[in-house]
Amino acid sequence: MPWDRRAPERGGRPSAWALLPEDLAEGECPGRPAHVFSRLQRARTWLADDRLFLARDSRAWLEAHTDLSLPVILERHPSEDGSTKLVLGLTDGHRIEAVHMPRRVDDPRVTFCLSSQVGCALGCTFCATGAMGIVRNLTAGEIVGQVLTLMRALGPTLGEDLFLVFMGMGEPLHNLDHVHRAIRVLCHPHGMLLSPWRITVSTAGLVSGIEKLARMDPRPLLALSLNATTDAARSATMPVNRAWNLARLRQALDAWELKRHERFIFEYVLLAGVNDTLEDADRLVAWLGPLSRGHNLNLIPMNEHEHSAFREPAEERTQAFAKRLHEHGCFVTVRRSRGRDVQGACGQLVRRAVAGG
Ligand code: SAH
Ligand code: SF4
């Protein structure tokens with residue numbers, strides 16, 4: 001009874017964590033499907049002491065027909081800023097990263113930065129994950145499993161305090177079926193009941209995926225990694241731009257029917273001497289057009305690492321770039337990657353382990 005017959009999960013058995021009540025019903029799992037689903041998903045009922053509190057026959061059915069394994073924490077790297085980078089091990093031995101980012105000490109809200117793939121096929125030249133190439137997609141069960149494993153280890157205990165961003169390893173729109181399945185499970189009213197407005201999917205600009213996601217329900221928020229303002233510069237650092245250039249990307253955003261109060265997030269990695277001039281800032285605003293106001297623009301100074309020669313711009317340059325955008329009326333935030341002191345860029349911990357250095 002794998003929910004996705006094109007991509008059955010381990011050994012032909014679906015992960016218990018990716019099944020919806022209707023799948024449990026179809027598989028004839030004993031017990032009320034909504035109840036069994038809710039026991040599996042409502043972390044606070046079992047995370048604390050490992051017991052699922054399920055009737056014996058439901059539990060036996062799950063053990064016989066599904067895979068109940070979760071990603072395991074192999075390494076924890078707590079940072080001075082309160083965030084923790086985790087290296088998680090999957091059952092086939094591959095490793096991924098996830099980051100636990102509490103808002104503040106006195107605030108229960110936490111954001112998880114999740115991975116969607118082991119590695120990434122898109123090969124952006126500033127990115128440590130891109131340097132790995134693609135190893136494989138994560139299954140929906142592994143994506144939900146990341147959330148459960150992080151909640152269990154570090155909290156929060158309630159889904160209502162949880163925010164998710166798909167900004168870890170991988171291009172989520174290259175694995176949209178599994179990413180969306182995980183979102184459906186996590187937003188289900190009998191489960192964690194996350195709001196899709198608290199889930200952000202970040203893409204390097206895979207237009208076919210953006211167009212598909214635009215029509216999906218539940219629909220998460222969209223973040224777009226822009227990172228350059230001319231096609232020549234963007235194609236040089238982000239090969240995906242050769243398939244879908246800046247004009248095509250802008251069209252895809254226009255076709256995304258924004259709901260009331262819905263905002264795009266634009267990410268712009270600042271690379272010293274490459275995309276950090278005031279002319280770039282002006283071109284960025286011109287490309288955004290009406291989207292330059294009222295949406296969020298995140299500037300991320302390059303997180304330097306050994307797999308890329310790009311450097312972080314000097315602080316004054318970053319500030320001048322931000323100021324110029326601000327003068328154009330943009331809502332700008334300079335985001336230093338969380339957990340910088342523990343390890344470099346996203347994908348770096350795992351990349352290092354794979355390279356053996
Ligand atoms: N594949 C998706 C999501 C994962 S990457 C995407 O590209 O959007 C998440 C973010 O990290 C992207 O905005 C990407 O541009 C940024 N990023 C990648 N490498 C970086 C680096 N070395 N320093 C700073 N940001 C980086
Ligand atoms: Fe993949 Fe995103 Fe890294 Fe580009 S920046 S290689 S799309 S993970």
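From a predicted model like this one, the values you see are computed outputs, not experimental measurements. Start at 1 and go down the list; that is how both ligands and their atoms are numbered.
Atoms of ligand 1 found under 4.0 Å from any heavy atom of H305 (numbered from 1 in listed order, with element): 22 (N). Each of the atoms 6 (C), 8 (O) of ligand 1 lies under 4.0 Å from some heavy atom of T203. Distances below 4.0 Å separate heavy atoms of G170 from the following atoms of ligand 1: 1 (N), 2 (C), 3 (C), 4 (C). Against a heavy-atom cut-off of under 4.0 Å, S225 is close to the following atoms of ligand 1: 6 (C), 7 (O), 8 (O), 12 (C), 13 (O), 15 (O).
The salt bridge (charged side-chain N to carboxylate O under 4.0 Å, His left out) test applied to E160 returns no partner, not counting sequence neighbours.
By the 30° and 60° cut-offs, the orientation of the rings of F112 relative to H100 is tilted.
Judged purely by distance below 3.5 Å, without hydrogens or angles, the side chains of N227 and S225 never pair a donor atom with an acceptor atom. Judged by distance alone, the side chains of E142 and S15 never bring a donor and an acceptor atom under 3.5 Å apart.
Residue contacts with ligand 1 include G168, since one of its heavy atoms falls under 4.0 Å from the ligand. Heavy atoms of C120 come nearer than 4.0 angstrom to ligand 1 in no pair at all. Ligand 1 has at least one atom lying under 4.0 Å from a heavy atom of F166.
Counting all heavy atoms, side chain and backbone alike, F126 lies closest to L271 at CB-CD2, 4.0 Å.
Cation-pi geometry between R335 and Y268 is not met at under 6.0 angstrom from the ring centre and within 45 degrees of the axis.
Within the protein, the N, O or S atoms sitting under 2.8 Å from atom 1 (Fe) of ligand 2 are C120 SG.
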Report task. Give the intermediate values and the outcome of ring pair (Phe, Tyr, Trp, His ring centres under 6.0 Å) for residues H295 and F264. Result -> CA-CA 6 Å; H295 298 267; F264 290 125; 5.4 Å; yes
